[in-house]
Amino acid sequence: MNTHQIHTPLGAVFFDRPAQEVAEELLGKFLIREKNSVQYAFMITDVEAYEGLKDKASHAHRGRTKRNEPMFGSPGIWYVYFVYGMHWLLNIVTGNEGHPGAVLIRGIQHVSGPAKLTKFLTISSKENKMQATPENKLWIGDRNIYIPKKIIKKVPRVGVGYAGPVWAKKPYRYVVKEC
DNA sequence: TAAGTGATCTCT
DNA sequence: GAGATCACTTAA
C-alpha cells in the first residue's frame with residue numbers, strides 16, 4: 001500500500017517501559033484501524049496501567065497462565081481478552097519480554113468504554129498476541145499532539161475492588177479531562 | 001441496581 | 001468436574 005503516512009507507528013522502544021509511564025503518554029496518541037484499505041484514526045483519551053507481578057489488580061499477579069500469557073510477551077503486542085461472557089477488552093503489552101505489563105485502552109474520542117471500543121473497531125481474539133503494526137491493520141500512531149499534564153486526570157482503576165484497598169486505590173487510570 | 005453470558009481459574 | 005469470579009454494558 002502506498003498511503004501517505006501522517007502517523008509515526010509506535011513500536012517496542014515506546015512500549016518497553018513501566019506501564020504507568022506508557023499509559024500516561026498514550027493519551028493524545030492515535031489508535032488506528034484499517035478496514036477495506038481505509039485507515040481510521042481515533043485519539044486515545046482514557047487508559048489504565050497494569051504493571052508487574054505485584055499489582056494485585058493485574059491478571060498477571062498470580063503468575064503466568066494461558067490467558068495472561070501475552071502480558072509476559074514482547075512490548076508492543078496486543079493483549080485482547082474476553083470478559084463477562086460478552087465483552088472483548090484491548091490492551092497493549094508493555095515492559096520487556098518476561099516482565100508482565102499492559103495498558104488497557106478504555107476510551108477514544110467519541111467512544112467511551114473499553115468493550116464499546118472493541119465492538120466499534122471490530123477487535124476480538126484474532127488480534128490477541130499480534131504486533132501493533134500497520135501490516136496487522138491495528139496499531140498506535142503518533143501525530144505529535146501534546147496533551148498538557150494539567151488536563152490529565154489520574155484516578156483509581158475501574159472494577160478492581162477485588163485487588164484490596166492498596167492496589168484498588170492506586171491512581172493508574174489516566175483520562176483526558178473534558179473541556 | 002441487577003441481569004446477561006461464557007471463558008478461566010481454583011478448588012475438590 | 002463443579003462452582004465462583006470477572007479490567008462491562010444496558011435497561012430499568
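Naming: A, B, ... by sequence-line order, numbering from 1 per chain. No hydrogens, no waters, no symmetry mates; every other heavy atom, side chains included, goes into these values.
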Tyr40(A) and Glu34(A): side-chain donor and acceptor closer than 3.5 Å? no

Choosing from dT5(B), dT9(C), dA7(C), which nucleotide comes nearest the side chain of Leu104(A)? dA7(C)

Taking the side chain of Val158(A) as its heavy atoms from C-beta onward, which of dC9(B), dG6(B), dC8(C) lies nearest to it? dC8(C)

Is Arg67(A) close enough and on-axis enough to Phe82(A), meaning under 6.0 Å and within 45°, for cation-pi? no

Go through dT5(B), dC9(B), dT9(C) for me and flag the one nearest to the Ala115(A) side chain. dT9(C)

Quickly work out the Lys170(A) NZ to dA7(C) C1' distance and round it to whole Å. 17 Å

Starting from P on dC6(C), measure out to NE2 on His87(A) and report it in whole angstrom. 15 Å

Atom CG of Asp46(A) and atom C1' of dC8(C): how far apart are they, to the nearest Å? 13 Å

Would you mind reading off the distance between Trp88(A) atom CH2 and dT5(B) atom P, rounded to a whole angstrom? 17 Å

Is it the case that the base of dA7(B) and the side chain of Tyr81(A) share a donor-acceptor contact (distance under 3.5 Å, atom types as modelled)? no

Nearest-Å distance for atom pair OH/C1', residues Tyr84(A) and dT8(B): 14 Å

Atom NZ of Lys56(A) and atom C1' of dA7(C) are separated, to the nearest Å, by 17 Å

Is Tyr50(A) stacked against the base of dA7(C), taking the criterion as centroid distance under 5.5 angstrom and interplanar angle under 30°? yes

Please determine if a side-chain N or O atom of His59(A) lies less than 4.0 Å away from the OP1 or OP2 oxygen of dA7(C). yes

Give the table of side-chain donor-acceptor pairs shorter than 3.5 Å for residues 142-153 of chain A, with sequence neighbours excluded, one pair per line with atom names and distance.
residue: Asp142(A); atom: OD1; partner: Asn144(A); partner atom: N; Å: 2.7
residue: Arg143(A); atom: NE; partner: His7(A); partner atom: NE2; Å: 2.9
residue: Arg143(A); atom: NH2; partner: His7(A); partner atom: NE2; Å: 3.2

Whole-Å gap separating P (dG4(B)) and CE (Met86(A)): 9 Å

Are any of Arg67(A)'s side-chain N or O atoms less than 4.0 Å away from OP1 or OP2 of dC6(C)? no

Passes side chain to side chain donor-acceptor pair (under 3.5 Å), His59(A) versus Tyr79(A)? Steps please. CA-CA 11 Å; His59(A) 288 170; Tyr79(A) 170 39; 2.8 Å; yes

Side chain of Arg62(A) (C-beta onward), nearest among dT10(B), dA7(C), dT5(B): dT10(B)

Rounded to whole Å, the CD-P distance (Glu48(A) to dA7(C)) equals 10 Å

Within the structure, does a side-chain N or O atom of Lys116(A) lie under 4.0 Å from either OP1 or OP2 of dT10(C)? yes

Taking the six-membered ring of Phe15(A), is the NZ or CZ of Arg17(A) close enough (under 6.0 Å from the centre) and on axis enough (within 45°)? no

Strictly by Watson-Crick or wobble contacts shorter than 3.5 Å, is anything paired with dC6(C), and which nucleotide is it? dG6(B)

Among dC8(C), dA7(C), dG6(B), the one nearest Tyr162(A) by side-chain distance: dA7(C)

